[in-house]
Amino acid sequence: MKTSVFLGVLAASGLTAGIASAQSETLQEVQDRGTLNCGVSTGLTGFSSPNSNGEWEGFDVAVCRAVAGAVLGDPQAVEFVPTTGQTRFTALSSGEIDVLARNTTWTFSRDNDLKFEFTGVNYYDGQGFIIPKDLGVSSAKELDGATVCIQTGTTTELNLADYFRSNNMEYEPVPIETNAEAQQQYLAGACDVYTTDASGLAATRATFEDPSAHVILPEIISKEPLGPLVRHGDNEWGDIVRWTLNALIAAEEYGVTSANVQDMASSAGDNPEVNRLLGTEGDLGAMIGLDADWAVQAILAGGNYGEIFERNIGETTPVGLARGLNAQWTDGGLLYAPPFR
């Protein structure tokens, strides 16, 4: 009896070791490669787009750089892979990219049927509509018979069909592949209205020659929790991406910024949670296969969540988004990082 129990323990230990080995494969590949392959959009102002120097920047790009900082100690060690609504999931499942950080909605079927693991929400959004002001439309319920530009391979297709059916309205879809194509078609008058996540509409309108000539209608017709994702079964790698995002959120809550993080990490302070986050107490880094200062490096990459938000899409930027649901839980929003302990 003792022998069978012992053998059972050995078998379980071997299985655990095998799983741990499989789980750490992506981390090892990224570290051996020396770069993080991160899937982003083909270009969405404020979220992910190349600047005039060809350098990628934006709210989603900052997640990629934070992960690269945590894993490689270098936020610039990222290879950005532009993906469309149609190509993004193939790029991730095939291993072309290590993580997808591209305004992607967390849904049941994507989590289970497509076999992906969402690692958190970095932007709480909802689908909306933008329309030329001179059409005189003030509500989405006035859109019966409209032609609608819609990105294929997205949740917006299904949401649009549901909304029009439930309101006994008809529409004519104008399928497009990318946001750039949608913008071109919309401005050319190929469609009356463009629908996508409200944040995407604000980002798109910010690029127009006269943003004030276009109205984002008040209706939000869906829940769109957007966040980074990895492959199913890639649990250890998923933990790294998840807790990197949580570190950025927690840093804002505790007043840790890109400007003070190094000073705060130089010695243990009065807040045990901050000490654990920054690696001056405990061994959280070792638990996920990283150095003790992994969160410090992630925060240095672009600042805490609030800094990233305000710099890329906040109210003082052309995108002009208020925090809303994306405020900290202490300020009436939904952002809430689990404890670092």
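Computed from a prediction, not measured in an experiment: that's the story for all the values here.
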*Asks:* Calculate, to the nearest 0.5 Å, the distance between atoms CG and OG belonging to L158 and S222 respectively.
*Replies:* 10.5 Å

*Asks:* We want to know whether Q151 and T178 form a side-chain donor-acceptor pair, criterion being a heavy-atom distance below 3.5 angstrom.
*Replies:* no

*Asks:* Please work out which of the three classes, parallel, tilted or perpendicular, describes the rings of Y171 and F164, given edges at 30° and 60°.
*Replies:* tilted

*Asks:* Quick one: does T204's side chain have a donor or acceptor within less than 3.5 Å of a partner on G200's backbone?
*Replies:* yes

*Asks:* Show the nearest heavy-atom pair for residues A68 and V78, with the distance to one decimal.
*Replies:* CB-CG2, 3.5 Å

*Asks:* State whether K223 and D125 are salt-bridged, where the test is any N-O pair (Lys NZ or Arg NE/NH1/NH2 against Asp/Glu carboxylate O) under 4.0 Å.
*Replies:* no

*Asks:* Distance-only, no hydrogens or angles: does the D144 side chain make a donor-acceptor pair with backbone N or O of E170 under 3.5 Å?
*Replies:* yes

*Asks:* Mind checking whether Y194 and Y186 have parallel, tilted or perpendicular rings, split at 30° and 60°?
*Replies:* tilted

*Asks:* Is a side-chain donor or acceptor of S212 paired with a backbone partner of D210 at a separation under 3.5 angstrom?
*Replies:* no

*Asks:* Would you mind checking if R323 and E315 are paired as a salt bridge, meaning a charged N to carboxylate O distance below 4.0 Å?
*Replies:* no

*Asks:* Check the pair F129, V137 against side-chain contact (heavy atoms from CB on, under 4.5 Å), reporting the backbone distance first and the verdict last.
*Replies:* CA-CA 11 Å; F129 301 89; V137 173; over 6 Å; no

*Asks:* Between H232 and F116 (judged by ring centroids, cut-off 6.0 Å), do the two rings come close enough to count as a pair?
*Replies:* no

*Asks:* Would a distance-only check, ignoring hydrogens and angles, find a side-chain to backbone donor-acceptor pair under 3.5 Å from D291 to W294?
*Replies:* no

*Asks:* Checking side-chain polar atoms at under 3.5 Å, does T105 have a donor or acceptor matched by the opposite partner on E224?
*Replies:* yes

*Asks:* N304 and T257: side-chain donor and acceptor closer than 3.5 Å?
*Replies:* no

*Asks:* Step through it carefully: locate the ring centre of F340, locate the ring centre of Y254, and say whether they are under 6.0 Å apart.
*Replies:* no

*Asks:* As an exercise, state the distance from CG of N246 to CD of E253, rounded to the nearest 0.5 Å.
*Replies:* 11.0 Å

